[in-house]
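In what follows, chains carry the letters A, B, and so on, assigned in the order in which the sequence lines appear, proteins first and then strands, with residues in each chain numbered from 1. What you see is a predicted model, and the numbers here were worked out from it, not measured in a lab.
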Amino acid sequence: MQQTTSFDENKKIYSKNKLVFAPWYFLLPAIFFFLIYVIIPIFQSVWISFYEWDGLGEAEWVGFANYIELLDDEYFYTSLKNNFIWLILYLLAVPIGLFIALFLNQVVFGIRFYKSLFFFPFVISQVVVGLIFSWFYNPNFGLLASIFLSFGLEPIAILSDEDLVTYGIIFAGLWPQIAYCMILYLTGLSNVSKDLMEAARLDGAKGLKMLWHVVLPQLRPATFISVVVTVIGALRSFDMVAIMTEGGPYGSSNVLAYYMYETALSEYGFRLGYGSAIATVLFFIMLVYIGYFLWRLYKNEREL
Amino acid sequence: MYNKIKLTLISLLSVVLISSASFGRDLVITFDDMNPGPKAAFENAIAQFQKENPDINVIANNGDREEHKAAIRNFLIADAPDVTSWYPGNRMRPFVKAGLFEDVSDVWDANNFHEDLAAIKPTMTIGGKQWGVPYSYYQWGVYYRKDIFDENGLSEPTNWAEFKEVCAKLKSKGIAPITIGTKYLWTAAGVFDYINLRTNGYKVHNDLTAGKIKYTDPRIRKTFEYWAELVNAGYFLENHSSMSWQDAVVPFANGEAAMYVMGNFSVDAYKNAGLTYDQIDFFPFPEITPGVPRAEEAPADAFFIPTKAKNKSDAKKWLAFVARPDVQTEWNKTIGQLPINSKAKVADDKFIKQGFETLNSAAGLAQFYDRDAVAEMAAAGMEGFQEFMMKPERLDKILKRLDKIQAKVYK
Amino acid sequence: MFPKPIHAFPNKYQLIYKIALPFVLIIWLLPLIAIFLTSVRSAADINTGNVFGWPSQFLLIENYSEVFRRSKAILYLKNSFLITIPTVLLSVSLACLAGYALAIYRFRWSLPLFFIFVAGNFIPFQILMIPVRDMSVSTGLYNTISGQVLFHAAFQTGFCTFFMRNFIKALPFELIESGRIEGVSEAKIFLYIVVPLVRPALAALAVLIFTFVWNDFFWATVLTQGESVKPITAGVRSLNGQYVNNWHLVSAASLCAAIPPVVMFFLMQKHFIAGLTLGSVKQ
């Protein structure tokens, strides 16, 4: 008769269920960090948005008052509008990135050097990019002003003009973003099936037709990632706005990400509840895109 | 039970004794001016204080002003220094209200500050108590290029009509009459403050910043009408909204602009840009409505003790030190500003002397729009001023918006 | 390959292309070239308004050493390293573990958890700003190097886990199976079979995370005060405030801030590019 000790029994239970327990051991540290620093703070932020709080003293419960106030806030609508403009224009990075990738997709001496250098802007901090472009746009000594003058035109102060300022900042932001899309496409291009291309060429496909019908479909993963990252980047843009204009002139280049910071933590902003409400709105807008991305991912997973 | 109480009391006592043990006590002082002059003045004062107090280990931190404005909200709650620089008036109000600044009326009592610092006392007082000690203040007014004026046969204007004449003459010569850089907004508030003070007087201005008068009030409208006269005639520097005040010094220095509505701290920048004292001079902002008593802007900078400071007794020593007449004389000489102690000596500098006279004969001292008005109102107000300067035709819309925000903020 | 290889075109076009390349590159990098020129300019140039023209003097050594002498640039750079390197190590390790779990084990939570990591990667981080700042303050991690490291590591875990999970999933499962059949413990399978195989992915991830964390500006401003633990990105901003109109110094400092990620990039190009495609090639 075999007597199994409880120790042996436990060991058996464990080894039978090893595959059930094991993943959790691996996951626990990451989950722990993520929970504390990301998941819980999201809920905390939404919770704070129901209060009026200056960050120093007591918080006062106001329910949905902050959100109702947002509906009547013209700065909020300006920011919303600007975010929308960012969204649309920032997507230009995708086709421009494709175009440059196509331009660089040749085998000539030193092409790897060129590819690396074209990628440069992405590696630099957005703060530095913002600084560079603010000087570029400076109406007194900026390079742009010199270009205008050389054509005999009066230089425009882009960052001072309420209508042009957002476009000026987006233009600056496009620089690194194009580099990013370019690299995605370059990698995608190097994986385009040679056989398909040969077959299409034999069929007489050339140039744009080739691009549209044969190449682009194979670049779909690269396009997908580019679009997703660009959309997220457009909605998140903070660094550029902070460095170049601080939301000005008089709030006309404000975006939700910066407006939130302005109301909650800036020099004259002591309203953490209101800022959290703005952040929550931004979060829900982005949730739409994240949801879409996850849905695509899920479909992908199912196919695998 | 009795033993427990005894134990608690003994531990408490020992903790108290240990924490006040005086072997080289640390004193952390945080400052926020990295400009060469103020930085040097601060460092000299620290050195002197250290020499006079060898038993205190002074740890001085100096950082960027903008950073400091953001950081103070965090460090007053956690990791507080023993002394921090900040601004009086409505800028200190949120912290006083939240109980984060220490009541230092005792320092004022012990050092006769109520008398010697009488002019600046109101701005340091909330609810009858004093919450910090100022170390400097400075006049605002119009700095101008004397050489350009002389070349064009112009003299210092004393009233609005003369002022506009001077502007017109300069403009006709292709010189921007008034330089300004409104990227960081507060410079426009300086112009607003002065025009309002001169149009309506000290009481009305204070009522406005205290939220008792609306922006659409006809008297305030009048202020904007006068301002519009300058804006519509194009008397301000072009493209000012993308320039900081330092950027706006460049045209002043190279003769493209002739006047600057500024505070005395700007003199250092003029000197660094290559101007000499022969080329620049100062006049108080001209009269607009005849007979209105002349009030001036005289913002003060001060030191405060966080309530979470560890070494408050030595911190109070520093507060008493900075307001001492001899320290005041030295410090303000270096930074080209005015001592807050009436017993201190004013530096022998033409601008400081003139500033001293201007402020001494003033009917009232305003602290600058962003210190007189509550923070959220100040932010919206200054944006409104900048927008007005660029699009004066939007005045109605701007004033209505400011009223709406005022109603919300001051409820 | 697409577009048509340049060698298939007549020589004339090849020449045009070869000339066009450097030309386009220079226009593309014009802002960078401008900032470099500004950083070697003399102060006299700046004051007379000659900010973007050809410098009258070339003060490369002088300007750069002045930046290091007069400001806390060296401290900021040191802080950046102190923050970035531990973050990279921590987040890559956490993600490797988590990615392995999500890729290899079939359990009900694997897909939802995976989605949570992905979603967390894409959220607007402003929504984290206030709670994270408050938590840092109340746990005493505010204004410390470790506070910044812990936050960055946690936040980057989303992206890293996504990346590692995709990569590990593409490995042949037979390797794991054979290990299990031989009775090797799960931990050993992970350490001795999987980790060596994913080394290229780890390298790519490390380079990417290095760049992201080094270039971060927002959290540096939210989680620090004063100079002592400030990294170089926030440092450039305060140098800009400190030396307004000293464009040459600020440019020099900005370029110094940009150098380490650039060096990283050049050294590890292949890995970098592999990392960025997020495994899209494998899809």
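- In this structure, C/Phe122 and A/Tyr289 have side chains that are not in contact, with every pair of non-hydrogen atoms separated by 4.5 Å or more.
- Of the listed residues (C/Thr157, C/Ile116, C/Leu128), the one with the most heavy-atom contacts under 4.5 Å to chain A is C/Leu128.
- The line from CG of C/Leu111 to CG of A/Leu297 is 8.0 Å long, rounded to the nearest 0.5 Å.
- Side chain of A/Ser45 to backbone of C/Ile127: a donor-acceptor contact under 3.5 angstrom is found.
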For this session: Quick one: do C/Cys96 and A/Phe26 satisfy side chain to side chain contact (heavy atoms under 4.5 Å, CB included)? Show the steps, please.
Result: CA-CA 9 Å; C/Cys96 203; A/Phe26 285 108; over 6 Å; no

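- If you tally non-hydrogen atom pairs under 4.5 Å between each of C/Ala258, C/Pro124, C/Ser254 and chain A, the highest count goes to C/Pro124.
- A donor-acceptor pair is defined here as one N or O able to donate and one able to accept, closer than 3.5 Å; no such pair exists between the side chain of C/Asn215 and the backbone of A/Gln126.
- Of the listed residues A/Phe109, A/Phe32, A/Phe118, A/Trp47, the one with more heavy-atom pairs under 4.5 angstrom with chain C than any other is A/Phe118.
- Counting only heavy atoms from C-beta outward, the side chains of A/Arg236 and C/Ile123 never approach each other to under 4.5 Å.
- Interface summary for chain C: among A/Gly233, A/Pro23, A/Pro41, the most heavy-atom pairs under 4.5 angstrom belong to A/Pro23.
- For C/Arg180, the part sitting under 4.5 Å from any heavy atom of chain A is the side chain, from C-beta outward, and nothing else.
- Two residues are said to be in side-chain contact when any heavy atoms from C-beta on lie closer than 4.5 Å; A/Tyr25 and C/Leu97 fail this criterion.
- Distance check, rounded to the nearest 0.5 Å: CD1 of C/Ile35 to CG of A/Leu131 gives 7.0 Å.
- Judged by distance alone, the side chain of A/Trp175 and the main-chain N or O of C/Trp28 form a donor-acceptor pair under 3.5 Å.
- For chain A, the option among C/Arg133, C/Arg106, C/Glu186 with the highest count of heavy-atom pairs below 4.5 Å is C/Glu186.
- Counting all heavy atoms, side chain and backbone alike, A/Ala30 lies closest to C/Ala98 at CB-CB, 3.6 Å.
- With values rounded to the nearest 0.5 angstrom, A/Ile111 atom CD1 is found 5.0 Å from C/Leu21 atom CG.
- At least one side-chain heavy atom of C/Phe117 sits under 4.5 Å from a side-chain heavy atom of A/Ile31.
- Of the two parts of A/Leu28, neither the backbone nor the side chain holds a non-hydrogen atom closer than 4.5 Å to a non-hydrogen atom of chain C.
- When each of A/Arg220, A/Lys115, A/Gln44, A/Met286 is scored by its heavy-atom pairs under 4.5 Å with chain C, the top score falls to A/Met286.
- Residue A/Val129: no heavy atom, backbone or side chain, is found under 4.5 Å from chain C.
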For this session: Run the numbers on A/Ile243 and C/Phe217 for side chain to side chain contact (heavy atoms under 4.5 Å, CB included), then give the verdict.
Result: CA-CA 10 Å; A/Ile243 286 293; C/Phe217 168 69; 4.2 Å; yes

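- Interatomic distance, CG of C/Leu25 versus CG of A/Leu117, reported as 5.0 Å (0.5 Å rounding).
- When C/Tyr100, C/Trp109, C/Phe218, C/Phe190 are compared by the number of non-hydrogen pairs under 4.5 Å with chain A, C/Phe218 comes out ahead.
- In this structure, chain C has a heavy atom under 4.5 Å from the side chain of A/Trp53, while its backbone stays farther away.
- Using a 4.5 Å heavy-atom threshold, the side chains of A/Tyr114 and C/Pro22 count as touching.
- Of the two parts of A/Ala257, the backbone and the side chain both hold a non-hydrogen atom closer than 4.5 Å to a non-hydrogen atom of chain C.
- Interface residue C/Asp134: only side-chain heavy atoms are found under 4.5 Å from chain A.
- In this structure, the portions of A/Leu104 lying under 4.5 Å from any heavy atom of chain C include both its backbone and its side chain.
- When each of C/Leu30, C/Leu255, C/Leu29 is scored by its heavy-atom pairs under 4.5 Å with chain A, the top score falls to C/Leu29.
- Heavy atoms of A/Ile232 lying under 4.5 Å from chain C belong exclusively to its side chain.
- If you take CD1 on A/Ile36 and CE on C/Met135, they are separated by 6.5 Å, rounding to the nearest 0.5 Å.
- Proximity to chain C (any heavy atom under 4.5 Å) is shown, for A/Phe283, by both the backbone and the side chain.
- Side-chain contact between C/Phe125 and A/Val38 is absent, with no heavy atoms from C-beta onward closer than 4.5 Å.
- Contact tally against chain A (heavy-atom pairs below 4.5 Å) for C/Ile259, C/Leu150, C/Leu90, C/Val262: the top residue is C/Leu150.
- Of the two parts of A/Ile290, only the side chain, counted from C-beta on, holds a non-hydrogen atom closer than 4.5 Å to a non-hydrogen atom of chain C.
- Counting heavy-atom pairs closer than 4.5 Å to chain C, the top residue among A/Leu235, A/Leu272, A/Leu256 is A/Leu272.
- Ring pair C/Phe151/A/Tyr37 is perpendicular by interplanar angle, where above 60° counts as perpendicular and below 30° as parallel.
- Checked by atom type and distance alone, the side chain of A/Tyr261 never pairs as donor or acceptor with a backbone atom of C/Met129 at under 3.5 Å.
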Exercise. Please walk me through it: do A/Phe33 and C/Phe155 pass ring-ring contact (aromatic ring centres under 6.0 Å, His included)?
Worked result: CA-CA 8 Å; A/Phe33 267 89; C/Phe155 188 68; over 10 Å; no

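- Most heavy-atom pairs under 4.5 Å with chain C: of the set A/Ser276, A/Ala279, A/Ala264, A/Ser125, this distinction falls to A/Ser125.
- Two residues are said to be in side-chain contact when any heavy atoms from C-beta on lie closer than 4.5 Å; C/Leu32 and A/Ile124 meet this criterion.
- For A/Trp24 and C/Phe107, the gap between ring centers is short of 6.0 Å.
- Residues A/Phe34 and C/Thr161 form no side-chain contact, since every pair of their non-hydrogen atoms from C-beta on lies 4.5 Å or further apart.
- Looking at A/Leu282, the atoms closer than 4.5 Å to chain C (heavy atoms on both sides) sit in the backbone and in the side chain alike.
- Only the side chain of A/Pro121 comes within contact range of chain C, judged by heavy atoms closer than 4.5 Å.
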